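Any value given below was found using the heavy atoms of this structure, including those in side chains, with hydrogens, waters and symmetry copies removed. Being a predicted model, the structure only gives us computed values, none of them experimental. Lettering follows sequence order; numbering is per chain, from 1.
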Amino acid sequence: DGGITQSPKYLFRKEGQNVTLSCEQNLNHDAMYWYRQDPGQGLRLIYYSQIVNDFQKGDIAEGYSVSREKKESFPLTVTSAQKNPTAFYLCASSDIPSGTEAFFGQGTRLTVV
Amino acid sequence: AQSVTQLDSQVPVFEEAPVELRCNYSSSVSVYLFWYVQYPNQGLQLLLKYLSGSTLVESINGFEAEFNKSQTSFHLRKPSVHISDTAEYFCAVRETSGSRLTFGEGTQLTVNP
């Protein structure tokens with residue numbers, strides 16, 4: 001089955017710890033995205049990547065880091081510098097040249113305890 | 001920079017009533033426009049999209065949206081809603097020359113019996 005897989009579905013982190021969220025796609029899409037979702041604030045763009053080994057900051061990149069070493073993988077690290085990391089995180093991918101829509105994973109809910 | 005504004009955060013309606021969810025965007029260049037739907041604790045699913053051509057686009061489950069360039073709007077409509085349409089709806093924009101995908105704040109549609 002083609003699609004995007006995010007893992008884990010639920011994640012708990014202690015304050016001061018870094019944590020990495022996984023996102024893998026087998027759609028052969030060039031572009032990948034990370035969004036953060038909070039109630040009443042919609043989806044806010046954290047980072048996005050158009051090609052391997054290249055990525056751009058979105059609107060709320062502070063406290064987050066990413067890598068794009070492989071086309072199919074775009075992991076997101078939530079660092080201890082992120083002051084309010086509890087949220088629902090969504091990964092997406094898109095085939096830019098053809099202008100099609102973005103496909104989303106099922107999300108990871110991160111809770112700081 | 002592009003931006004999206006969804007004018008209503010919550011829209012309650014009765015079953016079989018018509019509904020309109022409003023979306024306005026801002027961009028200095030040509031854009032692609034999308035509507036997504038999200039059910040609780042899930043990722044987003046594409047509802048419909050405007051890429052080019054006819055300004056009226058339709059989904060398979062009775063929703064339609066009209067691209068109005070002069071008013072920079074892409075409102076979503078359905079003539080008769082069902083209980084199962086209860087969900088959060090997101091409008092999104094992407095410039096035709098880029099990969100950055102920007103979402104609005106979302107509209108919670110609640111259909112009551």
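- Checked for salt-bridge contact, A/Asp59 and A/Arg36 miss the test: no charged N lies under 4.0 Å from a carboxylate O.
- Counting heavy-atom pairs under 4.5 Å between each of B/Val4, B/Asn41, B/Thr96 and chain A puts B/Asn41 at the top.
- Ranked by heavy-atom pairs under 4.5 Å with chain B, the list A/Gln6, A/Gln56, A/Gln37 is led by A/Gln37.
- Contact of B/Leu46 with chain A is made through the side chain alone, with heavy-atom distances under 4.5 Å.
- B/Gln38 touches chain A through its side chain: at least one heavy atom from C-beta onward sits under 4.5 Å away, while N, CA, C and O do not.
- Taken to the nearest 0.5 Å, the CG atom of A/Leu43 stands 9.0 Å off from the CZ atom of A/Phe88.
- At a 4.5 Å heavy-atom cutoff, the contact between B/Ser99 and chain A is made by backbone and side-chain atoms alike.
- For the pair B/Lys49 and B/Phe34, the cation-pi test (distance below 6.0 Å, angle within 45°) is failed.
- With a 4.5 Å cut-off on non-hydrogen atoms, A/Arg44 does not touch chain B at all.
- Within a 6.0 Å sphere centred on CD of B/Glu15, heavy atoms belonging to other residues, nucleotides or ligands number more than 12.
- With a threshold of 4.5 angstrom between heavy atoms, A/Gln41 approaches chain B through N, CA, C or O but not through any side-chain atom.
- In terms of non-hydrogen atom pairs under 4.5 Å with chain A, the most contact-rich of B/Arg100, B/Gln6, B/Glu105 is B/Arg100.
- Between the side chains of B/Ser26 and B/Asn24, not a single donor N or O lies within less than 3.5 Å of an accepting N or O.
- To the nearest 0.5 Å, atom CZ of residue B/Phe67 and atom OH of residue B/Tyr25 are 3.5 Å apart.
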